[in-house]
*Asks:* 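This structure is in structure tokens; I'll ask about it shortly.
Worth saying up front: this structure is predicted, and the values here are computed from it rather than measured. All values below were derived from every heavy atom in this structure, side-chain atoms included, with hydrogens, water molecules and symmetry-related copies excluded.
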Amino acid sequence: MSWKDAVQPALRMLLQPGPRTDPHLEILRLGAEHEDIEAENVVVTLALGGALVSGTLASTGTWERLHLRQLGDYDDTLRRVVRHAVGHLDGAAEKRRRPRETDQRFLHLRDVTYRSGRTTHTLPTWRGPISAISGWTLGEPGKV
């Protein structure tokens, strides 16, 4: 899908009445989903309920691949079940001759650092609802 295909969803979102997603954050999310835009190397820091989550934007497909790998570390059977379900969704989308639509409610990150108070955790991936994000910035906090 090209960058031009990303413009229509962004415009639809911007023209919606009532509460909506931050348009700049939505453009970054859309950029991570489209291969013509190099947004998958963009690092962001998100404010979520008193915590900071920093990481590199990831497309839904990248997050799914990394997530499946992680599941395999715990239970190979579970990974196969999830892979089968995702494959079924992809197969249904192919029958309609268009790619499976991404769930616009979520933002995906990889190489994540979670900070809350003096506690810091690193995580391989993160998926969270955009509606829970109270603020954000490009980059990550410097070390103190």
Side-chain angles (χ1 to χ4, degrees), residues 1-117 119-141:
M1 192 172 287
S2 74
W3 67 270
K4 291 177 185 177
D5 296 325
V7 171
Q8 290 304 315
L11 288 175
R12 275 195 307 273
M13 189 273 312
L14 291 171
L15 296 173
Q16 289 177 11
R20 60 178 189 254
T21 304
D22 177 323
H24 300 284
L25 186 58
E26 178 64 9
I27 288 168
L28 287 176
R29 187 196 67 76
L30 287 167
E33 295 296 339
H34 298 293
E35 65 272 3
D36 289 359
I37 303 171
E38 294 186 26
E40 282 207 20
N41 292 320
V42 175
V43 175
V44 295
T45 296
L46 313 170
L48 295 143
L52 295 178
V53 177
S54 300
T56 305
L57 287 173
S59 68
T60 302
T62 297
W63 180 86
E64 284 177 347
R65 282 189 298 282
L66 294 170
H67 180 67
L68 285 172
R69 233 184 271 154
Q70 285 176 268
L71 283 175
D73 291 343
Y74 296 102
D75 185 339
D76 197 48
T77 302
L78 181 58
R79 178 180 62 179
R80 284 187 297 224
V81 168
V82 172
R83 182 179 285 156
H84 179 74
V86 170
H88 182 71
L89 293 173
D90 288 339
E94 283 180 23
K95 287 180 184 174
R96 292 188 308 267
R97 294 194 174 150
R98 62 180 180 194
R100 177 170 44 108
E101 291 194 23
T102 60
D103 191 334
Q104 297 178 7
R105 297 173 299 166
F106 296 96
L107 189 66
H108 303 93
L109 303 176
R110 61 182 170 81
D111 305 323
V112 176
T113 302
Y114 175 88
R115 296 171 180 88
S116 180
T119 305
T120 300
H121 300 282
T122 57
L123 306 165
T125 60
W126 179 87
R127 173 182 166 110
I130 292 177
S131 62
I133 299 169
S134 59
W136 66 277
T137 187
L138 294 173
E140 59 184 307

*Asks:* Measure the CG-CD distance between Leu52 and Glu140 for me, rounded to the nearest 0.5 Å.
*Replies:* 11.0 Å

*Asks:* What's the separation between atom CG in Asp111 and atom OG1 in Thr56, rounded to the nearest 0.5 Å?
*Replies:* 5.0 Å

*Asks:* Quick check for you: to the nearest 0.5 Å, what is the distance between Arg110 atom CZ and Arg65 atom CZ?
*Replies:* 10.5 Å

*Asks:* Testing the 3.5 Å rule here: is there a donor-acceptor pair between the side chains of Thr119 and Ser116?
*Replies:* no

*Asks:* Quick one, Leu107 and Trp136 - any side-chain contact, counting heavy atoms below 4.5 Å?
*Replies:* no

*Asks:* Which atom pair, heavy atoms only, marks the closest approach of Ser54 to Pro141?
*Replies:* OG-CD, 3.4 Å

*Asks:* Should Leu48 and Ile133 count as side-chain neighbours, where that means a heavy-atom distance under 4.5 Å?
*Replies:* yes

*Asks:* Looking at every non-hydrogen atom in both residues, tell me the closest pair between Pro129 and Phe106 and how far apart they are.
*Replies:* N-CD2, 3.8 Å

*Asks:* Pick out which of Leu109, Thr113, Thr45 makes a side-chain contact (heavy atoms from CB on, under 4.5 Å) with Val53.
*Replies:* Leu109

*Asks:* So how far is it from His108 NE2 to Thr125 OG1, rounded to the nearest 0.5 Å?
*Replies:* 9.0 Å

